[in-house]
Each structure stands twice: as structure tokens, then as C-alpha cells.
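Worksheet: the structure to be examined is printed underneath.
In this chain, numbering begins with 1 at the start of the sequence shown.
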Amino acid sequence: MLDLPAANYSLSPYTGFSREHWEAAADGLLAHAWKWASPQGGRLDLPGRSSVSGVRSDGLEGYARTFLAAACRVAGANGDDPHQWLPRYAEGLAAGTKSPGADDAESWPVIQDVDVFGQPMVESACIALSLRLTRPWLWDQLSPQVQDQAEAWLRGSLTSVPAPSNWYLFPYTVAGFLESVGRGDSLTARVREHALTLLDSWYAGEGWYTDGNGGGIDYYNGWALHLYPVLDELLASREQGVPLNRTGTYPQRLSAHLDSYGRFFAANGASVHFGRSMTYRFAAGAAIGLGGVTGATPLSPGASRRILSGNLKYFLDRGSLDENGLLSLGWHGEHAASCQPYSGPGSPYWASKAFVCLLAPADDPLWTDQEDPAPAEQSDHVQALPDVGLLVQSTQEDGIVRLHNHGTDGFHAERAEADIARNALYNRWSYSTHTGPTAERNIADNEFTLRWRGRAGSRVRPHRLGAWASGGRGWAASWHTPVFETGLRVFPGLRVTSVCLVSGIYELRIHRVEGAPAESAAESTGWAVPRGRSKDPVTGLLVALAGWEHTDEVVAPAGTAYASSATVTRLRRLSGADGLYVSIAALTGGDHEADVSQAIEDLRVSEDAVTFRWRGDTADSTVRFRPFSVDLQEAPHPPEVII
């Protein structure tokens, strides 16, 4: 669907992709999208279902998000614009801002508060950033009248109320652009200061932010919370003719983020399917690219390009483009469960943020160094993030990455707990680069659920108990009070403490239930394994070791982002939920088979402790619950890890 150059495996032995492939991908995506432009280019009215914001907002979204791809493409080539993208966007800017809110084919919606009509605020950041990137070749060539009307429209972002999340970085970015072109004032300064104050308050540690007060932890870290402030500093330094200060707060946080985030990508290029807005696809590479451009990264240039190109190639090879050459609403192809109500036909072009890598010039090591293997290809590895309650587990033989979640659930301080119960995007215990999550009204994968009188009690607001990793072993733990779907939401004294211990492909899953209501039941599920043929076949395992009474296989007929249908192993205890539950799970690909006998031995379960030995160890590992503690043995021969 895209006209890409021949593969260059001498430079890029893993992907065959070079800078020329990235430029061609940007040009191809833009060419297909512009076939759906309004007569003067003010909106790109792409075909497909409308978002909740309506078709006019969707048309603006198509313009704004593709503009960012064009801006990175042209700015990265120092103004060379062989396809004349910038004149099109200049004409569209003039048409869209001439009469904002008018009922015509070109005019953009007026930016308003998030609870009135806020989506245009999101797009204002893409437009402002694109104008800043291309200033010499676009903004500086506009008439004063068009500049004034563009500023007037953009300023709606500064005076409207954002969503209580990464949205505060949208007016921050608009204000940064206005200041860069000599149109700043006390309002732009105040907006920028307020946004950074909020951002600092959301910093959780280890390079990770929450998305707002008490918000979820997800990919908005990379494609928003790190991207906007670091890119702002990069552009400001270039405008001043000085190097970026890599020791500054935000570049340092980006580097810390990439130390773990670089491990979220599988050997086949896939990123872990976790959190909302997954239809943005290869936008997951934005932070990797920004790290490569700025040098604020622990990854080598060759490893950075390997991850970036692998992620782009993964989606191009798996049907992300529809019959019109447009990015569809979905993951591989169309997939409704990967989208949210705010998603419209232009939404997937947030993927344009990955093209920030083109801001590194052609002679930069990001493009000239030979590809290095990605972290997931180098060795079995476990990385713990205790500040955010995540555990990253990858295995070299099959290249799969698994993310064990004991720290986030998408909860926001302004929302009720019941609103997010059974949220597939955040509440599952484990996510991976090759599976799930299953769709709504299907059986949930990787979940521990209490059932009482026909209602499900799920995890909301996990309380982190710790995470640790060393020598290819690791664990993460948390406790929560289950929240039921309807009726009486919570039971005083009800508590579930959960621990995941990992080694190789294996996960020992332990749950301890206290204070459950009478006649309650317990249920646990494993990985959602695709049924039938798959380009990336995997096998899953979930075996009961203690506490469980029944095992069965349940079909998820609506499938996952990876398969049209899936099966999930389910463990159940039908009555008397209080007690200890132990199981072992595994997810593997290729010819690697999972076998419980190859994982642990000498399992002992008492009322308040679980003791076992990973196969090959000479000492026990123990999980205790009163008080809580984990004594986990390191691997006998820790693998060498090179990034």
C-alpha cells in the first residue's frame, strides 16, 4: 500500500528499514490522507465512523494530526519539501481559521472547555507544534492577516479548561509556539508555568508520570507527558542556537523513562497492548525517537532505530492500512475494542508523533549506525518498577514481552470507583505484546474476580506492596478491595492480596482473600490465546496448584486485537472464597513449550505463606502475608544485559 524503498539489511539487519523508509512512509500516509481533503484543505474528512465530537471536529483532527507528520518530514529535511506538503497545510490553515465555527466545508470548530466542546484543544497542540517546526518555510511566509487569525483561533486553547490530565500540555504547547514567534504575553507565561507545575506533581518516579491526579499509567507517558516538554526544550535550544541541556529535569526524566520503556517492545516489533488509545499504534515509538534525537536516552542509536523501525514495520505488515491506504480504527486492522468514543477516522494519525525521529539529520548516528538488537532480543530479563507497580518480563527465545500490573487501573480522582470496575484497558493483571485483552462482555483474560450473588467484584485502585527484580527473576505485589458492579459496591474488611513471581516464561500467581462475603466464589483466568491461524502464534498455560477446584477453557468469541476469536483458561472455586490461591501461568511463542514440571518444585502452602523452589535452585523462595514479605532467590547465573 505504501511505496517503500528496497530493504537495506546491511545497515539494518533486523528490519531493513532506513531513514529513506521513514520518509517514504510519511509521504505515503500523507498522500492517501490528502485524497479526502476539503476543497481548500481546511479539513481532511477521512471516511469512517464519527467520534462523539462530530464530523467537523473529526475533519480538523485529520488535518492537525497529518500536519505533524508533514512537519517532521520537512523540518527533518531542513525545509526540503519535494511533495509540496507545506503549501497545502498553509492554505488549509488560512481556510480553517477564517471563520471558526461557521457552517461550511472548511471552518474549524471553536475551542471550548473540555465539558463543552474540547476536542479541538487536542488538535491545537499538533497544529502549534507543526507551525513551530516549520516556521521558516510556512509561518514566516504567511500574510499578517492569516497569522492573526491563526493566533486568534489558537488562543482559545489558552482560555478554555482542559481535561484534568495530559491535556494541560496542549495549551502549554500552543503558548510555547506563540512565544517563539514573538506573540507571547502574561497569559502564555501563566499557562506554561501552570502546566509544568501540574506535570511535576504527577511525576511518580523512575521516569513515569500518572496521567493526572491519581490517573492511570500508560502510553500517554511517551507520546504526551514526555514528548511535549522535551520537544519544547529542544526547539527552544535550536531557536537560540545552543545545545539542548540534557541534564535538565525533563530530558533526565525522559532518559529514565526509556530505561524501562525500551523493554516494552517485542522482537517482532509489537508494543505491549496496554491502556487506552491503542489505535495510535506506532506513536508508541515517539519517546524512543525523541530520545534518539536529543540524546536523552540510555539506548544506543542502533537499538533506538531497531525499536522504532520494528514497531513501524510491525503495523505496516499486519494490515493497519485499509483499502484506501488509510490508518484504520483498530490495531492490526479495524478493531472496535481498541478504540474509545473519542476516536474518529483521523484519530489513528496521532501515530504521526513517531516521525519525530526524522528531526535527527541524515548524518546522525540514529540513522547511520548499524541496527543493534532490541533489549527483548538480548537475553531473558525482568525489570521491576516499584514506584509505579509494574514488572516487565521478556524472554529472548520467543521475543515476547509481558507486563504485570500491580500499580494502575485508569482511575482518576474526579471519577467514581464504580466507573472503572472491569476496565479491560487497565484492570487486567497482565498484558503482553502478543495477546489480549479480550473484548467487553466476553470472558476477561488475566483477571482475578470474586463473585457474589451473580455479581463480579473486580480490582479498583491497587495499593502497591513492592516490586523487585534481579538476575532474571522478579516479583510485584499489591492489595485491593474488590468493587462490585451493582448493588452493594464494597464489603468492609474484604481484601485481596496478590503477588506475581516470574522466572523465564513462567509466572507464579498467588492471591490471598480475606473477609469475603458468605457464599462468595473466586475465579481466575489466564492469557487470551488466539484460535486458528495467527501470524504470531502463541500458546498459553494456566495450571491450578492450590486453592482452586475446577479448570475449564472458555471461548472469547469477539476475540482480541490479535485474533478474531480466542480461548482463555479459567480456574474456579465455587464457594467459600476466603483463603490462598496458587497457580502457574506461562505465555510463549514459536516452538517453546511450557511445562509446569520445568518451572517449580517443592511447593508448600500454609495459611499465611507460600514456599517453593524455582527448578534448578538450591534454596527456597517464600511469600509471607502476616506481615507481607517476599524472599525470592536470584537466578543461579544472571544473564548479562547490554543495552
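- Under a cut-off of 6.0 angstrom, the local environment of CD in E334 is sparse, with at most 12 non-hydrogen atoms contributed by other residues, nucleotides or ligands.
- Residues K535 and D317 are not paired through a salt bridge, judged by the lack of any N-O separation under 4.0 Å between the basic side chain and the carboxylate.
- In summary, the aromatic rings of F628 and W479 are positioned with their centroids too far apart to meet the 6.0 Å limit.
- Note on D608 versus R512: salt bridge recorded, some NZ/NE/NH1/NH2 to OD/OE distance being below 4.0 Å.
- With ring centers used as reference points, H332 lies under 6.0 Å from Y314.
- Partners of E601 according to the salt bridge (Lys or Arg N to Asp or Glu O under 4.0 Å) rule, which considers only residues two or more places apart in sequence or in another chain, are R615.
- Within a 6.0 Å sphere centred on CZ of R624, heavy atoms belonging to other residues, nucleotides or ligands number 12 at most.
- Counting only N and O atoms by type, the side chains of S394 and R263 include no donor and acceptor under 3.5 Å apart.
- For the side-chain hydrogen bond (donor to acceptor under 3.5 Å, both in side chains) with S277, the lone residue among Y342, W350, W223 that qualifies is Y342.
- Taking 4.0 Å as the cut-off between side-chain N and carboxylate O, R428 and D445 count as a salt-bridged pair.
- Aromatic ring pairs are classed by plane angle as parallel below 30°, tilted from 30° to 60° and perpendicular above 60°; the pair F612 and W614 is perpendicular.
- Centroid-to-centroid, the aromatic rings of Y562 and W527 stay 6.0 Å apart or farther.
- Between H511 and F448, the ring-plane angle classifies as parallel under the 30° and 60° cut-offs.
- Under the 4.0 Å criterion applied to side-chain N and carboxylate O atoms, D552 and R570 are assigned as salt-bridge partners.
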